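Below: one structure, written as structure tokens.
Lettering follows sequence order; numbering is per chain, from 1. The model shown is predicted, which means the values in this text are computed figures rather than measured ones.
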Amino acid sequence: MYRYDEFDAEFVRQRTAQFRDQVGRRLSGELTEDEFKPLRLRNGVYLQLHAYMLRIAIPYGTLSSRQMRKLAHIARTYDRGTGHFTTRQNLQFNWPRLSDIPDILGELAEVEMHAIQTSGNCIRNVTADHFAGAAADEVADPRPYAEIIRQWSSLHPEFNWLPRKFKVGVTGSEHDRAAIKTHDIGLHLKRLADGRLGFAVWVGGGQGRSPFLAELIRDDLPEADLLSYLEAILRVYNLHGRRDNIYKARIKILVHDLGAEAFAAQVEEEWRRIRDGVLKLPQAEIDRIRAYFAPPAYDERPVPAPPRAAGRAFDRWITRNTHAHKQAGHAIVTISLKPIGGIPGDASAAQMDAVADLAERYSLDEVRVTHEQNLVLPHVRSGDLWQVYRGLEAIGLAEGNAGLVTDIIACPGLDYCALANARSIPIAQRISERLSPRQDQIGDLKIKISGCINACGHHHVGHIGILGVEKRGEEHYQLLLGGSGAEDAALADIAGPGFGPEGIVDAVEKVVTTYLELRSNPQEPFLATYRRLGATPFKDALYAAA
Amino acid sequence: MSKRAPSIAVLTGNRLHDGLVVFLGGDGAWVEDIAGAVVARTPEEASALQAQGARDSALNRVVEPYLAEVREIAGRLLPVRQRERVRIDGPSILVDVPGYVSPSPRAPNGVRPLASDLRASLNPGGEGSDPVPVPVEAA
Amino acid sequence: MPPLDEVSPSPRLRGRPAPAEAGGRGEGQPHTPTSAITTAPHPGPLPAEAGRGDRSALVAPGEPDPEGPIWQGGAFHRDAWTKLDGEAALPVGPVILPKQRWLAERGELAGCNTPLGLVIAPGEALDDIAADLPRFALIALAFPKFTDGRPYSLARLLREKHGYAGELRAVGSVLSDQLQSMRRVGFDSFEVTHAPTRRALAEGRIPEVALYYQPTGTDAPPDGTRPWLRRRAD
């Protein structure tokens, strides 16, 4: 993985010192809240319902054990003992004191971490396939490019005051685990016609009040032109994105209003001017960054098969939570942060430390964070799977439910977030409890829950999506069906009138029961059944008079 | 809007240095307990509270103060909106699901989670306790 | 591409702070204002070269004055320019016109003696005045709110696409924490009315991050920008 050199380390140190100065000026009153707020957002600091919230960047979701231990230490020392992994591969702490945050950032800088640009109208954390560098189906590792983009976008002087937030995602596989079509810019790393590496460039995806899937604006961008092309896109957006209405300010609105062709034409015109300038990526630089992501030194000794007779729970976990690795004798492991009835994406300090130990010992010192709020051990020898499982069992994170109905994605919602209209976590907990007895029977089913229109729970691309709203002062929940964030991306359809907090759990159960009755065979997953039959049978089950 | 009681409000915001929820109290200080909050019972009183909030905001005593509607029931001030109930009582997440050890069983300021959302509270850990450390087995 | 050791600071990075201001490594030398300039009348064709790298055609900053509104070259100055609103007649001396006024009166203003400047609002285009740019010794880009980031792109287009070499001034909401970015995209003077920002500038207390991950400008970038040209610690 990428290692800071002296330049990177000094950059973060100076940025931390700059923010420490800004915090000091806020606490002394020299800066008003209006002046301070955009500055603190660009260092990941929100003011939420109960307290400040600090969002720490985990670039393309990759962490070392040393970094994970530092996060555990911060949770224990400065927070209330837990952290929350987010749908953008970041980590959030819910109780830091503003006066402590410069110290927290100083500690993060010691392990090459920061909270730069995790909020605000700027370029945010670049996310990538959480199986990058390990997946058997990968064409090329997208993370070197994510790192190059991360550097280019860090304190970019021209793009720090965009009309709205800007999210970039990268995948290196045909199977899109990074949900690139829901990003402002989605990049699909692939082989071009001449056999060299390059990108399909998708622009204008985004969820929120007006969800859109991205449009393909260039199918064959050579890798050397990556930064100049992005700069052209950002410049067109910065100049022409709407600034009069925050709900119309994302690039998706600009692309939709102009049309993809007209938008692409503007980008290409600017790009032609700058394409061969200072942003052209030298091959030596691409190779230099790629070298940081070279395959680790796999242990290639022969390994015994894991003891499959060790119990049904272990078997389930192997089936659901391990995935094919490009290196023989190895597997990718998903650590579900969704224990039955639990808070999706949360981990205690002790759990983080334990995961760090497992990563160091069994996964070549690497952990990943997924945009579905789980963790990944990317490089586990098959013979070690039993030990890993036992280690996870001891900390309550051994549920074999990756991708099942209890592997719910939920934003913090009204329990934490100042923007929320409704609570999402208790809804997730109740659904998980209610459906866990049948979760294996149900199979692949992604439920995604957002507590407000901002869609941080990505409900628009859930197989089942739930949107919390406020109706006449009470919490109310819309049900959506049939979305997908993968390469077959689709926006979910609203099923009909919404439900109250108890009713939505019943409604989800009714949808699931209907699916089980109507699927053509036990192997047909929910999404396929929905696409085959359409919404009608589900609406009938939900809304027809008894 | 309650039909039972007239609209009354308190002024609330977040404390600057640690972000915790505070209310404007009787002596002009910002207090953590809603029981100590000044209650505005008329539009004039509400405006006066807001003006005080604006002054205190400029003096950095509070961040983003606003009026929160409350009802007075049996001598207690209860916020009308769910949002305010969560701000006062802490996250309402269920901590009593069988078999689930919540990593964060404690609400802020030692306040109990909402009774209306919970079955009997199950709080296995005491102050500062963590789940059992991982025994990493020898290879 | 010159070898790294020989990269000289970009001449376009003008208005570089005096040593009292926190500065970036490898950035330009402090700005030395040229002597005051007069313009001869130019009947007929537009006077050329006023904004084209010919330093002798620029308008010098106003007198140094700690109460002056213009931060330039590491100090506050009185404003050598007058801003023209609405339909008022042109005053004596350097004058800044709104872009719409220039477009409306271009014919009459063509033969004027006075140094002219232009103020451009964030949503305004550059293409319809691109050919006129050499006429302006100063262009001001307005920041109605400091969160409106369009002038940063306009500044870069003026410098890098249109080759504008005159004074580029930030006006409107100009605050401490944006000054570094403004300089990097090509601004070299700043109208500062925000009192805490003025104090911070006067006291040399603008905290900056002196290392850049991305180049701006079209000249060879200084050390500390393009990652692949950075020197390593060893």
Side-chain angles (χ1 to χ4, degrees), chain A residues 5-22 25 30-32 35-39 42 120-122 148 150-163 227 231 234-241 243 270 273-274 277-279 281-282 284-286 288-289, chain C residues 1 22 25 122-123 125-126 143-157 160-161 173 175-178 180-186 194-197 199-200 205-221 224-234:
Chain A
D5 58 19
E6 188 49 41
F7 184 100
D8 302 311
E10 181 61 20
F11 178 88
V12 173
R13 272 197 292 273
Q14 290 197 12
R15 173 64 168 210
T16 302
Q18 184 188 48
F19 187 59
R20 187 183 291 276
D21 176 85
Q22 290 166 346
R25 282 186 283 139
E30 185 180 322
L31 281 175
T32 67
E35 289 160 359
F36 180 65
K37 184 170 176 181
L39 303 177
R42 280 156 184 74
N121 294 337
C122 53
I148 288 170
R150 183 189 76 84
Q151 294 190 15
W152 161 82
S153 65
S154 296
L155 299 196
H156 195 303
E158 187 182 352
F159 302 134
N160 199 31
W161 303 98
L162 297 171
L227 291 185
E231 185 134 314
L234 265 299
R235 186 162 294 142
V236 170
Y237 173 56
N238 191 42
L239 285 171
H240 301 297
R243 292 177 187 261
E270 176 64 9
R273 184 179 73 80
I274 62 174
V278 292
L279 287 176
L281 276 170
E285 174 64 1
I286 299 175
R288 182 181 79 87
I289 300 287
Chain C
M1 198 75 58
R25 80 168 69 121
L126 298 177
F143 288 85
K145 290 190 278 202
F146 71 91
T147 51
D148 188 335
R150 288 176 288 183
Y152 296 94
S153 287
L154 292 176
R156 289 195 71 188
L157 289 171
E160 300 171 31
K161 177 178 179 182
S173 182
L175 308 178
S176 303
D177 299 287
Q178 287 85 55
Q180 182 182 18
S181 295
M182 290 178 180
R183 265 201 300 276
R184 287 183 61 201
V185 298
H194 182 248
T197 302
R199 272 197 304 276
R205 268 191 303 110
I206 304 288
E208 297 187 349
V209 177
L211 296 97
Y212 311 147
Y213 277 106
Q214 61 289 106
T216 52
T218 50
D219 297 333
T225 57
R226 292 169 64 183
W228 51 92
L229 288 182
R230 280 188 267 123
R231 284 199 185 92
R232 299 187 155 273
D234 46 64

Which heavy atom of [X] sits nearest to which heavy atom of [Y], and what is that distance?
X: A/Arg243; Y: C/Gly149; value: NH1-N, 3.1 Å
X: C/Tyr152; Y: A/Pro157; value: CD2-O, 3.4 Å
X: A/Gln14; Y: C/Ala210; value: OE1-N, 2.5 Å

Region of [X] that comes under 4.5 Å of a non-hydrogen atom in chain C:
X: A/Asp21; result: side chain
X: A/Arg15; result: both
X: A/Leu39; result: side chain
X: A/Arg25; result: side chain

Can you tell me how far [atom2] of [Y] sits from [atom1] of [X], rounded to the nearest 0.5 angstrom?
X: A/Ile274; Y: C/Glu160; atom1: CD1; atom2: CD; result: 9.0 Å
X: C/Ser176; Y: A/Gln18; atom1: OG; atom2: CD; result: 10.5 Å
X: A/Trp161; Y: C/Gln178; atom1: CH2; atom2: CD; result: 4.5 Å
X: A/Ser153; Y: C/Gln214; atom1: OG; atom2: CD; result: 8.0 Å

Practice task
With sequence neighbours left out, write down each residue that passes ring-ring contact (aromatic ring centres under 6.0 Å, His included) with A/Phe19, or none if nothing qualifies.
Solution key: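 Scan of A/Phe19 (ring-ring contact (aromatic ring centres under 6.0 Å, His included), adjacent residues dropped) gives none.
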Problem - For A/Phe36, ring-ring contact (aromatic ring centres under 6.0 Å, His included) partners two or more places apart - result: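 Once residues adjacent in sequence are excluded, A/Phe36 has no partner under the ring-ring contact (aromatic ring centres under 6.0 Å, His included) criterion.
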Practice task
Keeping the roles fixed (side chain from A/Glu10, backbone from C/Leu211), state whether a donor-acceptor pair exists under 3.5 Å.
Solution key: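 No.
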Exercise for the section: Check whether any side-chain N or O of A/Glu158 sits under 3.5 Å from a backbone N or O of C/Val185 as a donor-acceptor pair, and report yes or no. Expected result: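 Side chain of A/Glu158 to backbone of C/Val185: no pair is present.
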Exercise for the section: With a 4.5 angstrom heavy-atom cut-off, could you sort out which part of C/Ser173 is near chain A: side chain, backbone, both or neither? Expected result: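 For C/Ser173, there is no contact with chain A at all, as no heavy atom is under 4.5 Å.
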Quick check: do [X] and [Y] have side-chain heavy atoms less than 4.5 Å from each other?
X: A/Pro38; Y: C/Phe146; value: yes
X: A/Asn121; Y: C/Thr147; value: no
X: C/Pro196; Y: A/Leu31; value: no
X: C/His194; Y: A/Glu35; value: yes
X: A/Leu239; Y: C/Leu157; value: yes

Handout entry: Any side-chain donor near an acceptor of the partner, A/Asn160 and C/Ser181, under 3.5 Å
Key =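 The answer is no; no qualifying pair exists.
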Exercise for the section: Taking only Lys NZ, Arg NE, NH1 and NH2, and the carboxylate oxygens of Asp or Glu, determine whether C/Arg156 and A/Glu231 approach each other closer than 4.0 Å. Expected result: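 Here C/Arg156 pairs with A/Glu231 in a salt bridge, since their nearest N and O are under 4.0 Å apart.
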Exercise for the section: Run the ring-centre check on C/Tyr213 versus A/Phe7 and record whether the distance is less than 6.0 Å. Expected result: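 Yes, close enough.
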Practice task
Apply the test salt bridge (charged side-chain N to carboxylate O under 4.0 Å, His left out) to residues C/Asp177 and A/Arg42: give CA-CA distance (whole Å), side-chain angles for both, the deciding distance (0.1 Å), then the verdict.
Solution key: CA-CA 12 Å; C/Asp177 299 287; A/Arg42 280 156 184 74; over 6 Å; no
